[in-house]
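A quick write-up on the structure given underneath.
Quantities reported herein were computed from a predicted structural model and do not represent experimental measurements. Numbering of residues begins at 1 and proceeds along the displayed sequence.
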Amino acid sequence: MENTATATTEEETSGAARRKAVPEPTVRDRVLSALSGDQFVAAFRRRTEGSPSDPAVSRTRFGALDRLPDDPFDSTPVRTELVVYSDTDVYRWVVTAGTVERTRLPRDPAALARQQ
C-alpha cells in the first residue's frame, strides 16, 4: 500500500493561511504596548449589539491588567469601545466593522490645552 499524502509548500499556501499564522494582538497586548510602562488605573468596555433602532449595550469594568481579555478585539458586535485610564493618559480603542482605531489624550486638562 502506497502512502498518498503530499507535502504542502509555502508557495501553495494561500494568503489567508499565511495571515492566520501571524496572530492578531490580544486586547491585553494592545493595552500593554500602549501603556509602555505607564501605570494602569482602570479600563471600561462598552459593547453595542443589535440594530440601531433597538441597540443592546453592555458595559464591563476591568480593575487590573490581568482582567483584560486575552483574545483579539471581537468584531462581531456593531461597535466595541475600550477606554483605558493610566496615571497620565486616557487611551480609547473603537472597533467598528472590524476596524480598530486608537486615540490617546492626556488626563490633565492643562496638558490637553498645551497640545492644542
Side-chain angles (χ1 to χ4, degrees):
M1 182 176 207
E2 280 187 18
N3 185 355
T4 58
T6 59
T8 303
T9 64
E10 188 164 319
E11 289 79 26
E12 296 174 84
T13 308
S14 70
R18 272 184 259 139
R19 280 191 297 275
K20 286 182 183 178
V22 178
E24 186 176 340
T26 67
V27 172
R28 191 178 308 151
D29 290 342
R30 286 179 190 255
V31 171
L32 282 169
S33 175
L35 290 176
S36 64
D38 204 3
Q39 182 66 37
F40 175 87
V41 175
F44 301 89
R45 180 178 62 193
R46 186 174 90 173
R47 293 169 52 117
T48 305
E49 300 182 87
S51 67
S53 62
D54 187 26
V57 177
S58 64
R59 293 175 176 86
T60 308
R61 181 183 192 282
F62 303 96
L65 274 171
D66 62 348
R67 302 276 181 164
L68 288 169
D70 201 19
D71 297 315
F73 277 112
D74 184 6
S75 60
T76 306
V78 175
R79 179 181 167 114
T80 300
E81 180 179 6
L82 178 70
V83 179
V84 176
Y85 293 87
S86 74
D87 281 341
T88 58
D89 295 303
V90 177
Y91 300 87
R92 181 174 174 246
W93 286 265
V94 177
V95 183
T96 307
T99 302
V100 179
E101 297 178 17
R102 185 187 78 137
T103 55
R104 184 184 124 244
L105 293 170
R107 286 187 66 176
D108 177 24
L112 181 59
R114 284 192 298 270
Q115 284 186 359
Q116 295 179 5

If you look at every heavy atom in [X] and [Y], which pair is closest and at what distance?
| X | Y | result |
| --- | --- | --- |
| V90 | R107 | CG2-CG, 3.4 Å |
| L68 | A43 | CD2-CB, 3.9 Å |
| G50 | V78 | O-CG2, 3.2 Å |

Fill in: Set of side-chain hydrogen bond (donor to acceptor under 3.5 Å, both in side chains) partners for T26, sequence neighbours left out
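Checked T26 against side-chain hydrogen bond (donor to acceptor under 3.5 Å, both in side chains); matches are D29.
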Discussion item. Under the rule for side-chain hydrogen bond (donor to acceptor under 3.5 Å, both in side chains), what residues qualify as partners of T103, not counting sequence neighbours?
Written reply: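 None.
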Among all residues two or more places apart in sequence or in another chain, which pass the salt bridge (Lys or Arg N to Asp or Glu O under 4.0 Å) test with [X]?
| X | answer |
| --- | --- |
| R47 | D74 |
| R67 | none |
| E49 | none |

Which residues pass the side chain to side chain contact (heavy atoms under 4.5 Å, CB included) test with [X], not counting sequence neighbours?
| X | answer |
| --- | --- |
| V100 | R30, F73, W93, V95 |
| P55 | T48 |
| V94 | R79, E81, R92, T96 |
| S33 | none |

Taking distance alone, no hydrogens or angles, what donor-acceptor pairs closer than 3.5 Å link side-chain atoms of residues 34-41 to residues at least two apart or in another chain?
unit_1: D38; atom_1: OD2; unit_2: S86; atom_2: OG; d: 2.7
unit_1: D38; atom_1: OD2; unit_2: T88; atom_2: OG1; d: 2.5

Worksheet item: How many angstroms lie between CG in D66 and CZ in R28, if you round to the nearest 0.5 Å?
Response: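 One finds 6.5 Å between CG of D66 and CZ of R28.
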Worksheet item: When rounded to the nearest 0.5 angstrom, what distance separates OG1 in T60 from CZ in R45?
Response: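 Reported to 0.5 Å precision, the distance equals 4.5 Å.
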Count I, L, V, M, F, W, Y as connected when their side-chain heavy atoms are under 4.5 Å apart, and connections chain through other members. Are [X] and [Y] then in the same cluster?
| X | Y | result |
| --- | --- | --- |
| F44 | F62 | no |
| V83 | V31 | no |
| L105 | V84 | no |

